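As the structure is a computational prediction, the values presented were derived from the model and not from experiment. Protein chains get the first letters and strands the later ones, always in sequence-line order, with residue 1 at the start of each.
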Amino acid sequence: MGRVTTGEVTRLSTDVLVIGSGAAGMSAAIAADEADARVLMVDRSLIGRGGATVMAQMTVAVALGDEVPDRWQDHLADTIRAGRGLCDERLAHILCETGPDAIRRLDRWHVGWARHADGRICQAMAPGHDRPRCCYVDFLATGPAVSSTLRGQVQRQGRIRRIGDLCITDLVVSDGAAAGAVGFSASDGRAVAIDAKAVIVATGGLTRLYRRNSASANMGGDGYALALRAGAHLVDMEFVQFFPIGHLAPRLIGMDPIMWDPFRYKLGGRLLNAEMREFTDAYGVAEDGSYKVTRDLATYAILKEVEAGRGSPAGGVYLSFQHVPADRLKDSFGPVMDRLAKNGIDLTKQSVEVAPIAHYHMGGIRVSAGLESGIPNLFAAGEAVGGANGANRLSGNAITEALVFGRLAGTNAAARARAMRASPWHAPDAAQALSLLAEGAETGANPAALVARLQAVMSDRVGPFRTASGLVEALHEITEMQKILGPAPPPRLGPFDTCRLDWFDLRNMLLVAETAAAAAFARTESRGAHQREDFPLLDEAWSLNQSAQLRSGALHLERVAVAAAAP
Amino acid sequence: MSETATLSIRRGNRWDRFEIAFERGQSVLDGLRRIRIEQDPTLAFRFSCINANACKECMMLVDGKVAYACIARLEPREMRLEPLRNKTLLRDLVTEIAPPDERIANLPLK
């Protein structure tokens with residue numbers, strides 16, 4: 001693959017274009033390369049550094065049967081139960097059945113799963129699982145280890161071309177099929193056009209839409225917006241998972257805010273309200289040290305305690321490990337104890353404050369069992385895929401789906417590319433996207449402040465609890481912000497132009513925010529991660545998915561039956 | 001009276017001074033992000049993971065020493081921020097830190 005520079009535009013050409021380089025993108029690139037496709041992997045940030053994977057300090061759920069006997073069918077049953085009736089069973093089936101292969105493959109690549117003395121991989125208990133099923137890399141290093149292992153493999157395979165600092169702004173569709181993408185290089189500000197036979201969107205979720213979130217700065221839902229504008233459908237966009245015990249106070253730096261969960265698995269940290277009493281039993285599930293309260297329930301219970309005036313000073317609840325002996329704390333937390341000490345926290349003497357934090361998006365691009373969207377040659381992988389996790393994702397399924405869906409999308413995209421003589425790329429189809437990149441209009445708006453404003457609106461109105469009036473306000477605000485943003489990006493400043501990056505991010509973020517708010521408004525029931533205060537009960541009539549599409553630039557929602565498993 | 005932190009930032013050939021309200025426990029990166037929202041959105045610096053010191057993108061010079069902005073504590077005094085000296089400067093605090101074979105400029109011309 002070479003580079004051609006004509007005028008202002010750098011032209012690239014490939015068989016398979018992978019957008020995103022987290023676990024899903026890298027897995028896709030590896031699989032497509034193994035299938036002898038020419039692969040180009042690009043990332044809005046640096047390769048393998050941004051995204052959610054590197055942040056995942058947690059565990060990976062998979063029916064290995066190393067800890068106790070297990071079957072993928074049991075993992076599937078737990079996944080479907082957690083999804084509250086909305087899982088796309090075809091996708092959930094793939095996730096659970098091929099998960100063990102993905103974990104063993106990473107093991108062969110020396111990821112370093114924590115092991116028992118006899119060599120079996122350690123698998124911990126996590127909420128929603130019927131048995132210990134979640135493997136991990138000590139200490140709090142699962143995501144970074146997965147990331148660097150995949151990165152090493154990408155490099156070993158040698159032929160996978162990688163470009164970081166490349167912000168994709170639009171997909172290009174020719175003759176109704178994906179033909180490539182257009183964007184700009186952040187490092188020099190130049191426009192880039194890439195023709196491809198198949199495109200894989202592996203850009204992760206939308207957590208950046210929220211003020212408090214557990215993912216990277218580049219998780220603004222860009223892949224969802226790219227797919228929508230290309231004509232694809234999104235599904236389940238109202239289901240945003242809040243991680244119940246995100247770190248809140250005291251201020252902690254150098255640590256992922258979701259760090260407490262693995263220690264709850266291992267040590268049974270206790271959740272306490274301002275009266276220093278356990279409270280989840282009042283919401284249906286007692287803790288009793290076994291840690292089985294699912295994420296949606298725990299989020300609900302914590303926010304209701306705060307609402308009832310029994311919250312902690314910073315607006316959350318307490319998490320306490322004070323009942324755990326100091327030497328056991330030291331064994332389990334390892335070097336993390338020192339990092340906590342640097343932040344002035346001594347777990348033997350104090351509790352910390354925790355509160356729900358935007359963590360994961362169940363919704364995403366609607367795909368076939370082959371991970372292809374409704375637009376031929378456009379595939380999705382990882383969190384960008386909608387449906388596998390229904391209304392609430394089971395703990396530990398995110399890395400599993402990144403690995404599994406990445407591999408399958410890469411394999412299928414490579415097969416598609418092999419069957420094609422050339423990309424359907426037709427230059428006029430890229431003209432509009434390229435001309436937007438050439439534009440520059442001074443609006444005086446501060447895009448960084450607009451991002452903050454959007455995050456506030458989404459957190460307050462489209463957060464864990466929703467009401468019709470709040471959602472209408474959110475939609476109104478989003479429309480206002482779209483007007484302020486305007487139809488053209490700010491004038492180009494050159495290399496690493498943060499205002500232009502923010503402008504193109506906001507263009508995506510506002511569209512995705514609108515989709516999530518509109519879907520949340522339409523779903524007049526409460527289910528899993530979608531809780532409507534004005535419709536507090538689950539409504540069987542809503543046991544269906546909502547699918548969103550842009551028609552002549554306007555968002556259109558429709559109800560579709562939940563995809564059943566193949567007969 | 002509330003305390004302030006002053007970040008003096010090298011931007012090419014000039015230094016810009018930004019005063020922000022000091023909040024105990026915050027990182028230098030928190031301060032930089034606040035400057036973009038409240039004062040100057042053109043200020044450029046790299047970061048991805050915000051708080052976890054996982055992405056390792058926010059490396060810069062803090063008071064002359066190499067540090068990660070996400071784990072360097074903001075202090076109620078003047079702090080001087082500069083881009084890494086041994087890397088090509090892109091803008092403000094952003095340098096070219098991608099491995100050479102992951103830069104678009106280094107792809108072979110067809």
Would you check, one step at a time, whether the test side chain to side chain donor-acceptor pair (under 3.5 Å) holds for A:S21 with A:D43?
CA-CA 6 Å; A:S21 65; A:D43 199 291; 2.6 Å; yes
Please evaluate residues A:R453 and A:N446 with respect to the criterion side chain to side chain donor-acceptor pair (under 3.5 Å), reporting the C-alpha separation (whole Å), side-chain torsions for both, the decisive distance (0.1 Å), and the verdict.
CA-CA 11 Å; A:R453 181 172 162 190; A:N446 176 340; over 6 Å; no
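Heavy-atom distances place no part of B:E23 under 4.5 Å from chain A, backbone and side chain included. Interface residue A:D502: only side-chain heavy atoms are found under 4.5 Å from chain B. Heavy atoms of B:I50 lying under 4.5 Å from chain A belong exclusively to its side chain. Heavy atoms closer than 4.5 Å to chain A are found nowhere in B:Y68, neither backbone nor side chain. Only the backbone of B:C70 comes within less than 4.5 Å of a heavy atom in chain A; its side chain stays farther off. In this structure, the portion of A:L252 lying under 4.5 Å from any heavy atom of chain B is its backbone and not its side chain. Contact annotation for B:E96: only side-chain heavy atoms (C-beta onward) come within less than 4.5 Å of a heavy atom of chain A. Of the two parts of B:D30, only the side chain, counted from C-beta on, holds a non-hydrogen atom closer than 4.5 Å to a non-hydrogen atom of chain A.
Taking the centre of each ring, B:F45 and A:F496 stay at or above the 6.0 Å mark.
A distance of 9.5 Å separates CG in A:D165 from CZ in B:R103, rounded to the nearest 0.5 Å.
Inspection of the B:T4 and B:E19 side chains reveals no N or O donor paired with an N or O acceptor under 3.5 Å.
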